[in-house]
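The first residue in the sequence is number 1, and the count goes up from there.
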Amino acid sequence: MSDTAGRKLFQHSGTALIFRGALALLFAFLVASLPVATVFALVYVFGVFAITDGLTNMAHYFYDPARHSRWSLIGGFISVATGLVAVSWPGITAAALGVLIGAWALILGISQIILARDIRTTVRGWWIWMLTAVVTTLFGLYVLVNPAAGFLGVVALLATYAAVSGVLLIASGIRLRRRASSSSVMLAH
């Protein structure tokens, strides 16, 4: 990969990760501030978050598919589909919110683990992406195993997950943008 192409790839990838991280932090703030009486608002907020996250992931893939893993695209489709279910059937989604969020996080986390493994030979900061994937997967498993933990527990856990994930995505994005602005792009061998 040429130095210019490498810088461009890391600059755009970093921007996408920073946007996703900021979106996750905004989502964490909104979830933590919603009272119990607004369950339907949480369903819609989650749906919009999942759709936006998925569309961002897919746009990132389609920007230059030759340089991005198909797992990025698959994760995007999973997020959009989950978001559409939440927005289309809010009553059913509210009843099954924990299961829906848990399944979404588990499947998304697994796709992110595969993506992180794919990039580990080309990106030095791959371990941050792997950490994000593991946090996402563990969150999904916890919610699926403990669906009766109660709505407040799910809300607190969802806000915590979104905040941790957001910080990790922003850290990954900043790292890639710094790599893009350095004089030469150094890829791991």
Side-chain angles (χ1 to χ4, degrees), residues 10-35 38 41-61 63 68-69 71-84 86-87 97-98 100-116 119 123-144 149 151-180:
F10 288 140
Q11 183 74 25
H12 291 290
S13 296
T15 300
L17 289 173
I18 290 169
F19 176 76
R20 289 179 61 206
L23 183 65
L25 288 174
L26 175 63
F27 180 66
F29 173 76
L30 290 173
V31 167
S33 346
L34 291 173
T38 59
L42 177 59
V43 169
Y44 283 113
V45 168
F46 169 74
V48 170
F49 165 73
I51 291 167
T52 306
D53 182 65
L55 290 174
T56 302
N57 218 2
M58 289 188 295
H60 177 70
Y61 172 81
Y63 175 74
H68 297 99
S69 171
W71 289 103
S72 179
L73 181 64
I74 291 168
F77 280 123
I78 290 165
S79 289
V80 169
T82 302
L84 288 174
V87 172
L97 185 63
L100 177 68
I101 291 171
W104 165 74
L106 178 63
I107 295 167
L108 184 62
I110 290 169
S111 72
Q112 289 175 343
I113 287 172
I114 295 167
L115 173 62
I119 65 165
V123 177
R124 285 190 181 155
W126 70 271
W127 62 271
I128 296 175
W129 291 351
M130 180 62 83
L131 183 59
T132 304
V134 169
V135 166
T136 301
T137 303
L138 291 175
F139 169 75
L141 284 172
Y142 180 80
V143 173
L144 283 173
F151 181 71
L152 289 178
V154 171
V155 167
L157 193 57
L158 181 59
T160 302
Y161 156 72
V164 169
S165 176
V167 168
L168 291 171
L169 286 167
I170 289 170
S172 296
I174 290 170
R175 186 176 183 114
L176 285 179
R177 288 180 60 89
R178 282 187 184 151
R179 183 162 318 275

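- Contact annotation: the side chain of Val80 never approaches that of Asp53 to less than 4.5 Å [non-hydrogen atoms, C-beta and beyond].
- The side-chain heavy atoms of Leu158 and Phe27, taken from C-beta on, include a pair separated by under 4.5 Å.
- Ring pair Phe139/Tyr161 is parallel by interplanar angle, where below 30° counts as parallel and above 60° as perpendicular.
- Residues Phe77 and Leu73 are in side-chain contact: their nearest non-hydrogen atoms beyond the backbone lie under 4.5 Å apart.
- Interatomic distance, Ile114 CD1 to Met130 CE, rounded to the nearest 0.5 Å: 9.5 Å.
- Within the 4.5 Å cutoff, no side-chain heavy atoms of Ile170 are placed close to those of Leu17.
- By the 4.5 Å heavy-atom criterion applied to side chains, Leu84 and Ile51 are counted as neighbours.
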Checklist entry - side-chain contact (heavy atoms from CB on, under 4.5 Å) between Leu25 and Val167: does it pass, once the steps are laid out? => result CA-CA 7 Å; Leu25 288 174; Val167 168; 4.0 Å; yes
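- When side chains are defined from C-beta on, Thr82 counts as touching Phe46, because their heavy atoms get closer than 4.5 Å.
- A donor-acceptor contact shorter than 3.5 Å links the side chain of Ser111 to the backbone of Leu108.
- Here the closest heavy-atom approach between residue Gly125 and residue Arg175 is recorded as CA-NE, 3.5 Å.
- Annotation for Ala16 and His60: closest pair CB-ND1, 3.7 Å, computed over non-hydrogen atoms.
- Looking at heavy atoms from C-beta onward, Ile174 lies out of side-chain contact with Arg177 at the 4.5 angstrom threshold.
- The aromatic rings of Phe49 and Trp104 sit perpendicular to each other, their planes meeting at more than 60°, with 30° as the lower class boundary.
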